[in-house]
There are 2 protein chains.
Amino acid sequence: MSREKEITIYDIARQLDLSAATVSRALKDHPAINKITKKRITDLAEKLGYRSNNFASNLRKQNTNTIGVILHELRSQFMISALAGIEKIATEANYDLIIAHSSESWKKEAANALNLFHKRVDGVIASLAFDTENLSHFAPFERKGIPVIYFDRVFEEAEGAKVIINNQKGGYDATTHLIEQGCKRIAHITASLNRNVYAERLKGYQLALAEKGVKYNEKMIYIIDLTEEASIRAAKEIIKMRPRPDGIFITNDFCAAVCIQTLQEAGIRVPEDIAVVGFNNDVICKIIEPKLTTINYPGLEIGEIVARNLINHLQGKSNIRLTNTIIIKSELIIRGSSLKKTKK
Amino acid sequence: MSREKEITIYDIARQLDLSAATVSRALKDHPAINKITKKRITDLAEKLGYRSNNFASNLRKQNTNTIGVILHELRSQFMISALAGIEKIATEANYDLIIAHSSESWKKEAANALNLFHKRVDGVIASLAFDTENLSHFAPFERKGIPVIYFDRVFEEAEGAKVIINNQKGGYDATTHLIEQGCKRIAHITASLNRNVYAERLKGYQLALAEKGVKYNEKMIYIIDLTEEASIRAAKEIIKMRPRPDGIFITNDFCAAVCIQTLQEAGIRVPEDIAVVGFNNDVICKIIEPKLTTINYPGLEIGEIVARNLINHLQGKSNIRLTNTIIIKSELIIRGSSLKKTKK
DNA sequence: TTGTATGCGTTATCAC
DNA sequence: GTGATAACGCATACAA
């Protein structure tokens, strides 16, 4: 299929006996253009199937109207929702998105960052990979004054804007709830403590135990990679433990669902023998039986807020360098998997 | 933050007392360049933090190396997997992606198509919205010879390349399996028959019934929008039906999971009283109890194949106008929700 | 309200 | 193996 020639503003200008400048202005809704002229131009543009050339325009304007998004994965409900939120706001503000995901690998994350840098994105939104240990691969953006805003998995102590929930409070609420349900020996299944989200939730767990006078036991902490296999293994270890835990706070709903199944297959009743609380409020919370008590992690809202902040900054309406950290509300959602007391 | 000046090939050329042409060639691994010259150039480029300007390059080269992806939604496992497959292949081939989703609305789909057209994507990958009734909004691509390749939700009878599974066979296999399990009255919960995937699955269902001498009853067909609420409503209607169905083939796993719960809450045993087969092989199949029998719909593979075909076409390695339809293998996966016979 | 002139950064063509 | 030059399509400063 041979490429037909593209229509340019020059073609329109020539046919209408105008200058390209006038055509350009008319197409951009420039105020100082005669209404009639403008109509002639837009009509002809339509008729000829004109489409503006973004590359020429961007080259000239020296900006890209593009935001780069770096995610550690795409498979969780939370991430999809967050992405949907980002996309919604970006689209409304007429920004394009370049989405890159690191598959939980720092190396890929760095490559993606470099790629986005070369693509000259106007700003970056990022959630860090499992094994990312520093932010040096984002330094080029800093140097050029390109804003980077982190969410979900962030370095809380580092410079830079971030949007997060209070993960410590989440862990605290989940654990307190289990204690209030009468649990005395509460295990915690989590993931790499290099990631703020997991480390903070653990802190919340510890804090709740301390506050309620429940002894903390390091043997009750299981650090796994959150895959199905690892979840089954962790559940089996908990089953073997003596005395056996009577409650588990699990940092991820999918993992929690798998654990509940594994417990049930071993003849252990949930919540009667072991109460379970998850994290995220994924759809599977309502599919698993008993339904899963969890901490709501509102992806859509977070995505929208991240994107809105970045875009406001880009448009000079605010400055994210002033608002270092934004904390989004997230609350405990109680369902059957943890209800020992009010069990019918 | 004031924009510092960007380094261009001219800056490098000047400092090295070379021409911009040479610098451009060196940076592009052009063969006819002195190795030493090249090293000097790449070193200095690195040192100065040079980044090539895609817009200038694309403007000059007259192509965008970008593929537009139009999806009807982003929430299903299948779509995410398909997107991951597309992204993998595109990234490997150095194509960017612009992802647009229509939220199941034809209007948004048309707007997205127009937007991608103006962005001058080199090619398009699309899965149609719920209420899309024709492909006229893709006509501009046709006219310009920009390839469009459809997958999942397509118009099977229309012109154009498509990648699909044999949905009719899926419906047939699911239904035959239920009949073989001893079901005599099999209901079918599905969605808008304007969509090929649902219409074809229904055909397969009808075919299986006919072949096995089971009477087809239109009252057993529930056409819903696949939301949680609609699924619950459909399940409740089935519960009230007399004689009550003893098997249900449901066109979507999430919907099937909700139905199973609704049945169980009404005291109906699955699979003993009613056997259930879903469609997609979503993760929830293994979370719901009993585990859900389903038809595997391999998103990752489909995404990869769609993207590979499009890119091969773009690179002139093949021509999708010759291979009209590609059918991907998909098979029945038997789990507990349908096993009446071998029930322990 | 419109036109003129120029430059954005690259790459392709041709010349040497 | 390298250089000079033009062209890609648009937006804007300045002039009229």
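Keep in mind it's a predicted model, so treat the numbers as computed, not measured. Lettering of chains follows the sequences in order, A, B, ..., and the numbering in each one begins at 1.
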Would you mind checking if [Y] and [X] are paired as a salt bridge, meaning a charged N to carboxylate O distance below 4.0 Å?
{"X": "B:R195", "Y": "B:E156", "result": "no"}
{"X": "B:D29", "Y": "B:K38", "result": "yes"}
{"X": "A:D11", "Y": "A:R14", "result": "yes"}

Classify the nucleic acid contact of [X] as base, sugar-phosphate or nothing, counting any heavy atom under 4.0 Å across all strands shown.
{"X": "A:Y10", "value": "base"}
{"X": "A:D11", "value": "nothing"}
{"X": "A:I33", "value": "sugar-phosphate"}
{"X": "B:S24", "value": "base"}

Protein-nucleotide distance ([X], atom [atom1]; [N], atom [atom2]), rounded to Å:
{"X": "B:I9", "N": "D:dG3", "atom1": "CD1", "atom2": "C1'", "result": "13 Å"}
{"X": "B:L27", "N": "D:dT2", "atom1": "CG", "atom2": "P", "result": "14 Å"}
{"X": "B:R60", "N": "D:dC10", "atom1": "CZ", "atom2": "P", "result": "16 Å"}
{"X": "A:N63", "N": "D:dA11", "atom1": "CG", "atom2": "C1'", "result": "12 Å"}

Measure from the side chain of A:A32, starting at C-beta and using heavy atoms only, and say which of C:dT2, D:dA4, D:dG9 lies closest.
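Nearest to the side-chain atoms of A:A32, counting from C-beta on, is C:dT2.
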Could a donor-acceptor pair under 3.5 angstrom be found where the side chain of B:R25 meets the base of D:dG3?
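Donor-acceptor pair under 3.5 Å: yes.
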